[in-house]
Peer 1: 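The structure under discussion is supplied below as structure tokens; questions concerning it will follow.
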2 protein chains.
Amino acid sequence: MGTGAAVRDNLGMRISARADYAVRAALELAAAGDDTPLKAEAIADAQGIPHKFLEGILGDLRRGGLVVSQRGGKGGYRLARPADSIAIAEVIRVADGPLVSVRGVRPPDLSYIGPAESLLPLWIAVRANVRKILGEVTLADVAAAKLPDDVLHLADDPEAWTNP
Amino acid sequence: MGTGAAVRDNLGMRISARADYAVRAALELAAAGDDTPLKAEAIADAQGIPHKFLEGILGDLRRGGLVVSQRGGKGGYRLARPADSIAIAEVIRVADGPLVSVRGVRPPDLSYIGPAESLLPLWIAVRANVRKILGEVTLADVAAAKLPDDVLHLADDPEAWTNP
DNA sequence: TAGTTTTCCTACCGAATTACTAGGGAAGTA
DNA sequence: TACTTCCCTAGTAATTCGGTAGGAAAACTA
């Protein structure tokens, strides 16, 4: 391949900085426990997240009902529910913007014609699979470094870690 | 609209217009067979894709070795290899870059600390899963509307089609 | 040879999104 | 009151997305 080969960074399945930060912040809260609130800045420092940016994300998590906050002296954030009842999928959904039907086009509304007709079930299958994985893994699982066996098994295929 | 709309689900899983168009164009070529080249404009008409935009995409597919082209009178594009040897994943990667990334970075290049340490194997598992599905389904499968059974079964889950 | 067809290339464009930053106000605590 | 911490609005630089425009280069046709 030539030197001019531009590395296109656009992707099929992309976890945004927002979603990544949101999950990591939630994991810090899960690790801290339900009775010790963490300040936004402490989380930002611990995970290397821009602190003002994180504040906005924590606001989303609060409005999404995943987190509760307390202002003033000994304030901070804590999880609104037990860490083993919050799936990673929930955190991503809440942080990554409007979840219900983006751009007004939901998969069932797409119309494919000709040899592309079977594309829709394929996209649906991929989506279902991603949701299944991220929906079964909880904050408690990740914070305790104990992923479910079926997920671990997927990740330990050596080829899974290679490019591209 | 309709056919050209990008598909984005609530988990950050997004198929760009580029990737969608690329796959559909490749499917037209698969359906046309190996001996009858299709002109860019014919593909664009058949699938409702802006024709100048499609030209650029077909160029990527050619440079990626998936397609061969012929100029002049009876020219056009055809697949460089048999349709049952080209996976959907390949087409998307060539047209749109890596399949999965976090914050624009490929999972193996990420470094997580503290309670977020196990996030990496999780992203890897998700990526492995997407690659498994899109890597096992070929252009021939979709063009013939014959998806592998395990993939079909995934799309059957009624919950897969619902919103949040 | 000229003319036609089709790919191929470079450049540009507006709108949207992403990832932040700035500044201050509101609420709670000591 | 003073201090802390969350909370809210706005701005913004850079990049990406989804296209357009115009024409040069190659192949075929006559």
Side-chain angles (χ1 to χ4, degrees), chain A residues 2 4 6-12 14-22 24-25 29 36-45 47-64 67-78 80 95-98 102-105, chain B residues 1 3-8 12 14-22 24-25 29 36-45 47-64 67-78 80 95-98 101-105:
Chain A
V7 177
R8 194 185 300 287
D9 230 18
N10 176 25
L11 328 125
R14 158 168 230 264
I15 305 289
S16 65
R18 258 189 105 72
D20 186 51
Y21 293 164
R24 282 156 64 192
L29 295 178
T36 48
L38 294 184
K39 297 166 213 165
E41 193 149 26
I43 301 173
D45 283 356
Q47 286 292 326
I49 302 172
H51 138 260
K52 277 302 218 177
F53 191 35
L54 179 61
E55 267 191 9
I57 293 168
L58 287 167
D60 285 342
L61 296 185
R62 178 180 48 82
R63 277 183 290 274
V67 144
V68 290
S69 61
Q70 176 83 2
R71 295 200 243 207
K74 286 194 147 50
Y77 296 87
R78 42 187 227 285
D96 223 3
V102 179
R103 289 190 65 202
V105 189
Chain B
M1 238 198 172
T3 49
V7 185
R8 186 180 204 261
R14 173 173 202 267
I15 307 285
S16 66
R18 247 189 118 72
D20 188 49
Y21 292 164
R24 282 157 61 193
L29 295 178
T36 48
L38 293 185
K39 297 165 211 166
E41 192 149 26
I43 301 173
D45 283 355
Q47 286 292 325
I49 302 172
H51 124 266
K52 276 304 218 176
F53 192 36
L54 179 60
E55 268 190 11
I57 293 167
L58 286 167
D60 285 341
L61 296 184
R62 178 180 49 83
R63 278 182 291 273
V67 144
V68 291
S69 61
Q70 177 82 2
R71 297 200 241 206
K74 286 194 148 50
Y77 297 87
R78 42 187 227 285
D96 219 23
S101 89
V102 181
R103 271 159 40 228
V105 177

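Per chain, numbering begins at 1; letters A, B, ... match sequence-line order.
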Peer 1: What pairs of nitrogen or oxygen atoms, one from the protein and one from nucleotides 20-22 of chain D, lie under 3.5 Å apart?
Peer 2:
unit_1	atom_1	unit_2	atom_2	d
D/dG22	O6	B/Lys52	NZ	2.5

Peer 1: Could you state the atom-to-atom distance from CD of B/Gln47 to P of D/dG18 in whole Å?
Peer 2: 17 Å
Peer 1: Below 4.0 angstrom from OP1 or OP2 of C/dC8, is there any side-chain N or O of B/Ser69?
Peer 2: yes
Peer 1: What are the two closest non-hydrogen atoms of A/Asp20 and A/Ile15, and how far apart are they?
Peer 2: N-CG2, 4.0 Å
Peer 1: Identify, with sequence neighbours excluded, every residue that meets salt bridge (charged side-chain N to carboxylate O under 4.0 Å, His left out) alongside B/Arg71.
Peer 2: none
Peer 1: Ignoring hydrogens and angles, tell me if any N or O in the side chain of A/Arg18 forms a donor-acceptor pair with the backbone of A/Asp96 under 3.5 Å.
Peer 2: no
Peer 1: What pair of heavy atoms forms the shortest contact from A/Tyr77 to A/Val67, and how long is it?
Peer 2: CD2-CG1, 3.5 Å
Peer 1: Could you state the atom-to-atom distance from CG of B/Leu58 to C1' of C/dT6 in whole Å?
Peer 2: 12 Å
Peer 1: Which heavy atom of A/Asp60 sits nearest to which heavy atom of A/Ala95, and what is that distance?
Peer 2: OD2-O, 4.0 Å
Peer 1: Assign each of B/Gln70 and A/Ser16 to its nearest nucleotide of DNA chain C by heavy atoms, then name whichever residue's nucleotide is nearer the 5' end.
Peer 2: B/Gln70
Peer 1: Please round to 10 degrees the angle between the axis of the first five pairs and the axis of the last five pairs in the helix from C/dT1-D/dA30 to C/dA30-D/dT1.
Peer 2: 10°
Peer 1: Can you tell me the distance, in whole Å, between the CD1 atom of B/Ile57 and the C1' atom of D/dG18?
Peer 2: 9 Å
Peer 1: With sequence neighbours excluded, tell me which residues meet side-chain contact (heavy atoms from CB on, under 4.5 Å) with A/Ala80.
Peer 2: A/Val68
Peer 1: Indicate for each nucleotide in nucleotides 9-14 of chain D, in 5' to 3' sequence, whether protein heavy atoms under 4.0 Å reach the base (B), only the sugar-phosphate (S), or nothing (-).
Peer 2: ------
Peer 1: Going from CD1 on B/Ile43 to CG on B/Leu29, what distance comes out if it is rounded to the nearest 0.5 angstrom?
Peer 2: 4.0 Å
Peer 1: Between A/Gly75 and A/Arg62, who's closer to the 5' end of DNA chain D by nearest nucleotide?
Peer 2: A/Gly75
Peer 1: Please report, rounded to the nearest Å, how far the P atom of D/dC6 is from the CD1 atom of A/Ile43.
Peer 2: 8 Å
Peer 1: Who are the side chain to side chain donor-acceptor pair (under 3.5 Å) partners of A/Ser69, not counting sequence neighbours?
Peer 2: none
Peer 1: Could you pick out which residue, B/Ala40 or A/Ala17, lies toward the 5' side of DNA chain C when each is mapped onto its nearest nucleotide?
Peer 2: B/Ala40
Peer 1: Using only heavy-atom distances, decide whether a donor-acceptor pair under 3.5 angstrom links the side-chain of B/Arg71 to the base of C/dT7.
Peer 2: yes
Peer 1: To the nearest angstrom, how far is A/Glu41 atom CD from D/dT5 atom P?
Peer 2: 9 Å
Peer 1: It should be established whether A/Tyr77 places a side-chain nitrogen or oxygen under 4.0 Å from OP1 or OP2 of nucleotide D/dT5.
Peer 2: no
Peer 1: Send over the distance from B/Asp60 CG to D/dG19 P, rounded to a whole Å.
Peer 2: 15 Å
Peer 1: Is A/Tyr21 close enough to C/dA19 that one of its side-chain N or O atoms is under 4.0 Å from OP1 or OP2 there?
Peer 2: no
Peer 1: Can you check the A/Lys74 NZ to D/dC3 C1' distance for me, whole Å?
Peer 2: 12 Å
Peer 1: For D/dT5 and A/Lys39 - does any side-chain N or O of the residue sit under 4.0 Å from the phosphate oxygens OP1/OP2?
Peer 2: yes
Peer 1: Return the value, rounded to whole Å, for the distance between atom CZ of A/Arg63 and atom P of D/dC6.
Peer 2: 14 Å
Peer 1: Name the nucleic acid region contacted by A/Gly76, choosing base, sugar-phosphate or nothing; use a 4.0 angstrom heavy-atom cut-off, strictly under.
Peer 2: sugar-phosphate
Peer 1: Return all side-chain donor-acceptor pairs below 3.5 angstrom for residues 51-58 of chain A, not counting sequence neighbours, or 'none' if the list is empty.
Peer 2:
unit_1	atom_1	unit_2	atom_2	d
A/His51	NE2	A/Glu55	OE2	3.3

